[in-house]
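Order of the sequence lines fixes the chain letters, A, B, ..., with proteins taken first and strands second; residue numbering starts at 1 for each chain.
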Number of protein chains: 2
Amino acid sequence: MDNEAANFEICSCNVIHEDVVNRVRKNMIDDDEATDLAEFFKVFGDETRIKILNALFSSEMCVCDIAALLDMNQSAISHQLRKLKQARLVKSRRDGKVVYYSLNDEHIEQVFHQGLSHVRE
Amino acid sequence: MDNEAANFEICSCNVIHEDVVNRVRKNMIDDDEATDLAEFFKVFGDETRIKILNALFSSEMCVCDIAALLDMNQSAISHQLRKLKQARLVKSRRDGKVVYYSLNDEHIEQVFHQGLSHVRE
DNA sequence: GTATTATATGAACAATTGTTCATATGTTCT
DNA sequence: AGAACATATGAACAATTGTTCATATAATAC
């Protein structure tokens, strides 16, 4: 029977609602997409990066200015900016020695503020 | 001078655009709020929890069914559900021995899908 | 009461992450 | 060319995180 197959030692308990599980399974996100999405949110999951993003809502900024604003050293900020850039949350442009960072698109601000309204509830 | 104060060894480089920094500082998020927001997004930043949330878009589910769906043991799922509940992303109701979990509000799905449209770009 | 089942939880461990330090790269100015 | 400055990056370390295992709690059935 199907029920016996489902009980195949997946967890210490048995599948209780096989119909629900089968129906939900049809709508499940791909493994790859779940990984990408988790990686995306991980980038938001750090106080320093939250502050950097929040700062960039106001203005593009160079690395030194962000470091001064957040009272952190240049290296730490640079490492974080790299992560933000790899996740395509920010973009950069170079002007001489100075590299300016800014938000990559408006999705970012929307996600940010949706999160903010949740935590403010 | 103000400029000398600003150069006060905050980072290895100097503040380049003091006016920008001062203006941005006015719009900065509180430390506490930044922490809360980062904590909120951290909860989204895990593949297992992403899948659990995605599953709950389709239907409320009990712990066993989620464990079976994701092919993980009951304890791992229970730990993750606790985190989701602490962050108020899911709520639970007990019916006899079985505890059913469901999404706490629609914010969650909005954040989720905004993130998804970013990673799909 | 005991047995069984569903869920929760604490401890331990491996894996990941953020910051610091030292140093490298890239650009401008002299 | 070399000096000065802004930024990037690799290695190391501490701190955090997710899973597993063992066990505890809670509800039902006998």
List every contact pair, protein side and nucleotides 20-24 of chain D side both N or O, where the distance is under 3.5 Å.
{"from": "dT20(D)", "atom 1": "OP2", "to": "Asn73(B)", "atom 2": "ND2", "distance (Å)": "2.9"}
{"from": "dT20(D)", "atom 1": "O4", "to": "His79(B)", "atom 2": "NE2", "distance (Å)": "3.3"}
{"from": "dC21(D)", "atom 1": "N4", "to": "Ser75(B)", "atom 2": "OG", "distance (Å)": "2.6"}

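- Counting non-hydrogen atoms under 4.0 angstrom, Tyr101(B) reaches the backbone sugars and phosphates but no base.
- Checked by atom type and distance alone, the side chain of Arg82(A) never pairs as donor or acceptor with a backbone atom of Leu84(A) at under 3.5 Å.
- Within residues 81-98 of chain A, the residues having any heavy atom closer than 4.0 Å to DNA chain D are, in order of number, Arg82(A), Lys97(A), Val98(A).
- Rounded to 10°, the angle separating the first-five-pair axis and the last-five-pair axis of the helix from dG1(C)-dC30(D) to dT30(C)-dA1(D) equals 20°.
- Summarising the geometry, the separation between CG on Asp65(B) and P on dT5(C) is reported as 16 Å, rounded to the nearest angstrom.
- Using modelled atom types, no side-chain atom of Asp30(A) and backbone atom of Asp32(A) make a donor-acceptor pair closer than 3.5 Å.
- Interatomic distance, Lys42(B) NZ to Asp46(A) CG, rounded to the nearest 0.5 Å: 7.0 Å.
- Listed in residue order, the members of residues 46-56 of chain B having a heavy atom less than 4.0 Å from DNA chain D are Asp46(B), Thr48(B), Arg49(B).
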One pair to check against side chain to side chain contact (heavy atoms under 4.5 Å, CB included): Val24(A) and Asn27(A). What are the steps and the verdict? CA-CA 5 Å; Val24(A) 169; Asn27(A) 299 325; 5.9 Å; no
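- Under the 4.5 Å side-chain criterion, counting only non-hydrogen atoms from C-beta, Leu89(A) is not in contact with Lys83(A).
- The distance between atom CD of Gln80(A) and atom P of dT9(D), rounded to the nearest whole Å, is 14 Å.
- Nucleotide dA26(D) holds its C1' atom 16 Å from the OH atom of Tyr100(B), rounded to whole Å.
- The backbone N or O of Ala76(A) sits less than 3.5 Å from a side-chain atom of Asn73(A), completing a donor-acceptor pair.
- No option in Phe44(B), Phe40(B), Phe41(B) other than Phe41(B) meets the ring-ring contact (aromatic ring centres under 6.0 Å, His included) test with Phe44(A).
- Listed nucleotides: dA8(C), dA6(C), dT9(D). Nearest to the side chain of Ser78(A): dT9(D).
- The distance between the ring centers of Phe112(B) and Phe57(B) falls below 6.0 angstrom.
- With salt bridges taken as basic N to acidic carboxylate O contacts below 4.0 Å, one links Asp31(B) and Lys51(A).
- Between His113(B) atom NE2 and Gln114(A) atom CD the span is 12.0 Å, to the nearest 0.5 Å.
- Expressed to the nearest 0.5 Å, how far CD1 of Ile66(A) lies from CG of Leu81(A) amounts to 5.0 Å.
- At a threshold of 4.5 Å between non-hydrogen side-chain atoms, the residues Ile77(B) and Gln74(B) do not count as touching.
- Between Val21(A) and Met61(B) there is a side-chain heavy-atom pair separated by less than 4.5 Å.
- Counting to the nearest Å, the P atom of dT17(C) and the CD atom of Glu39(B) are 15 Å from each other.
- Annotation: ring pair (Phe, Tyr, Trp, His ring centres under 6.0 Å) contacts of Tyr101(B) (sequence neighbours excluded): none.
- No donor-acceptor pair under 3.5 Å is formed between the side chain of Arg93(A) and the backbone N or O of Ser102(A).
- Side-chain contact check for Glu33(A) versus Arg120(B): some heavy-atom pair is nearer than 4.5 Å.
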Could you list, one pair per line, each protein nitrogen or oxygen that sits under 3.5 Å from a nitrogen or oxygen of nucleotides 12-16 of chain C, together with the distance?
none

